[in-house]
Asker: 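Below you'll find the structure I mean.
Order of appearance sets the numbers: ligands from 1, and atoms from 1 within every ligand.
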Amino acid sequence: MSDKIGVFDSGIGGLTVLHACTEVVDGEFYYYGDNGNAPYGTRSEEEIYALTRRVFDVFFKLKVDAAVVACNTATAVCIERLRTEYPFPVVGTEPAISLAAKHCASCLLLATEATLKSERLARLLRKFPHFSVRAFAPKGLVNEIERNIFSLEKIDLSFAKTEEGEGIVLGCTHFVYLRPFFQGKVFDGNEGIALHLLSVLGNAGKGDHPQGLQGSAGKGDHPQGLQGNTGKGDHPQGLQGNTGKSIFFEREGQGKSIFSAKNAKKNICFFKNTQKCPKIVYLGPSAGHNKTIYEQMFLL
Ligand code: DGL
C-alpha cells in the first residue's frame, strides 16, 4: 500500500513543495492550501498555530503516514508543537541558508514577517556566524502571488537588488514561483524537503530518479534535509531534469532560464517534467483552485 502524505501551506506556495515531493516519493498526496486565510505571515503566532492545527486535525482523521508543512511560516512558528501533538512524522520547511552559505559570500533572505521574527530562524542563523544574511519581508508579496499566479512577470521585484556575491534565499514557498525572475544564484529548500520526506517514510523512491535512490540522506530531524542541502546540492539537474526534456530555470547558477514575456504562460510551468500525473487529492474550500494551479503550473 502506498504512503499517505498530507502537504500543507497557507495557499498555493506549498504546491511547489508538493511537486518536488511527487518527483521523489511514490505515494498518495493530500494537499491542503488554506488560501482563504492567507497570508499567514502577517498573523500572530497563536493565530498561525490555531489555523495550522485545524489542517493537521484533518490529516489526523485521514490517518496520514507523514505530513509536510510546506510553509516556512508555520514551520518557524509551531513545528515543534505539531511534532509533539500528532502521531505521524512532520517534515518542515526552512530557508536554505546552509545551501546558500556553501555557494555565496552572503545572502538576501526573503521570507514573511512571522518567519523573520521567529526564534527558530534566529537559531538557524546562529549556526552560520560567518555568513552574512540580509533579511527582508516583501510587503504584500504573498497576496500578489496568490492573485497573479498566471502573470507573475507583472510583479515588481526591484526590492530584490543584490550585491556582488550575494545569493537570494527564497524563505517562503510562495516566492519559489518567482525563481525564474530573480538574477544570480537563487536557493530554495524544496529538493531537500522531498528527500527528507523520502527518508522519513523509509520509501525506496521512484526508480528512475537518481537522487531518489540515494534518498536515505538524513534521518528524522536532520537540519540539512530541511534546507535542501543533501550534500548533492551541486547536481545541475536537481529535480527538474530527470526526463532529460527541459531545465526551465536557473538552478544554483546552472542551467538556463527560458522565460520570456512573449510566452510567459507556457514558460511559467518551470518544473514541467512529470512523467505521469501523481495521485493528489485536494482538500479544503480552495481545493478546486489549488488543483487548477497545480495542473497549469506543473503538468501542462
Ligand atoms: N508560503 C508560506 C511560507 O512559506 C506562507 C506565506 C503566507 O501565508 O504568508 O512562509
Side-chain angles (χ1 to χ4, degrees), residues 6-21 31-56 67-79 82 90-97 99-100 108-122 124-125 133 135-149 152 155 159-160 168-179 182 186-194 196-197 226-228 271 284-286 289-290 293-294 297-298:
V7 180
F8 154 68
D9 181 42
S10 63
I12 61 176
L15 293 171
T16 67
V17 178
L18 172 68
H19 182 74
C21 292
Y31 185 81
Y32 199 120
D34 195 13
N35 313 58
N37 290 307
Y40 277 21
T42 46
R43 292 178 179 274
S44 71
E45 291 206 355
E46 281 317 302
E47 276 179 310
I48 295 167
Y49 173 56
L51 290 168
T52 303
R53 277 208 61 167
R54 275 195 5 211
V55 176
F56 265 63
V68 178
V69 182
C71 174
N72 291 260
T73 305
T75 301
V77 166
C78 59
I79 196 161
L82 298 171
V90 181
V91 173
T93 304
E94 275 189 339
I97 297 293
L99 191 57
L108 169 64
L109 166 61
L110 301 176
T112 66
E113 276 172 43
T115 300
L116 295 189
K117 274 198 294 212
S118 69
E119 178 48 35
R120 194 177 168 89
L121 177 68
L124 173 65
L125 296 181
V133 177
F136 182 65
K139 219 178 162 65
L141 187 58
V142 169
N143 264 342
E144 253 191 284
I145 293 167
E146 286 272 333
R147 279 197 306 265
N148 298 302
I149 189 67
L152 293 169
I155 297 179
F159 61 81
I168 296 181
V169 173
L170 304 176
C172 168
T173 52
H174 279 75
F175 303 166
V176 176
Y177 289 106
L178 298 174
R179 212 182 153 125
F182 289 112
V186 185
F187 305 91
D188 67 64
N190 287 3
E191 186 177 324
I193 297 163
H196 188 195
L197 174 66
L226 289 174
Q227 293 162 17
F271 287 102
S286 309
H289 175 73
N290 289 325
I293 305 286
Y294 188 89
M297 297 301 280
F298 305 108

Asker: Can you list everything that forms a salt bridge (Lys or Arg N to Asp or Glu O under 4.0 Å) with Glu113? Sequence neighbours excluded, please.
Answerer: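 By the salt bridge (Lys or Arg N to Asp or Glu O under 4.0 Å) rule, Glu113 matches no residue at all.
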Asker: Once you restrict to heavy atoms under 4.0 Å, what part of Thr42 touches ligand 1? Side chain, backbone, both or neither.
Answerer: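 Looking at Thr42 and ligand 1, no heavy atom falls under 4.0 Å.
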Asker: Return the residue, atom name and 0.1 Å-rounded distance of the protein heavy atom closest to atom 9 (O) of ligand 1.
Answerer: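 In this structure, atom 9 (O) of ligand 1 has Gly41 N, 2.8 Å as its nearest protein heavy atom.
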Asker: Please state which option from Pro39, Ser10, Gly13, Pro95 has its nearest heavy atom closest to atom 5 (C) of ligand 1.
Answerer: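 Closest candidate by heavy-atom distance is Ser10.
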Asker: Using a strict cut-off of 4.0 Å, indicate which atoms of ligand 1 neighbour a heavy atom of Thr112.
Answerer: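 That gives atoms 6 (C), 9 (O), 10 (O) of ligand 1.
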Asker: At their closest point, which heavy atom of Pro95 faces which heavy atom of Val169, and how far apart are they?
Answerer: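 In this case the closest contact between Pro95 and Val169 is CB-CG1, 3.9 Å.
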Asker: Run the contact test for Cys71 against ligand 1 with a 4.0 Å cut-off on heavy atoms, strictly below, and give the result.
Answerer: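 Contact present.
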Asker: Which of these, Asp9, Thr112, Asp34, sits in a side chain to side chain donor-acceptor pair (under 3.5 Å) with Tyr40?
Answerer: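 It is Asp34, the one option of Asp9, Thr112, Asp34 that forms the side chain to side chain donor-acceptor pair (under 3.5 Å) with Tyr40.
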Asker: Numbering the atoms of ligand 1 from 1, which are under 4.0 Å from a heavy atom of Asn72?
Answerer: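 The list of qualifying atoms is 3 (C), 4 (O), 10 (O).
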Asker: Please find the pair of heavy atoms, one from Ala114 and one from Thr73, that lie closest to each other, and give the distance.
Answerer: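 Here Ala114 and Thr73 meet closest at CB-CG2, 3.6 Å.
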Asker: For the 3.5 Å polar cut-off, considering only N or O atoms, please tell me whether Thr73 and ligand 1 meet it.
Answerer: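 Yes, at least one N or O pair falls under 3.5 Å.
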Asker: Against Arg43, only a single residue in Glu45, Glu46, Glu47 fulfils salt bridge (charged side-chain N to carboxylate O under 4.0 Å, His left out); can you say which?
Answerer: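 For Arg43, the salt bridge (charged side-chain N to carboxylate O under 4.0 Å, His left out) check succeeds only for Glu47.
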Asker: Could you go through the side chain to side chain contact (heavy atoms under 4.5 Å, CB included) check for Phe159 and Leu110 one step at a time?
Answerer: CA-CA 10 Å; Phe159 61 81; Leu110 301 176; 3.9 Å; yes
Asker: N/O of Tyr40 under 3.5 Å from N/O of ligand 1, yes or no?
Answerer: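 The answer is yes, given that Tyr40 and ligand 1 share an N or O pair closer than 3.5 Å.
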Asker: Anything under 30° is parallel, anything over 60° is perpendicular, the rest tilted; go ahead and classify Phe298 against His19.
Answerer: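 Plane angle under 30°, so parallel.
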Asker: Can you tell me which portion of Thr173 lies within the under-4.0 Å heavy-atom range of ligand 1? Options are side chain, backbone, both, or neither.
Answerer: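 Answer for Thr173: both.
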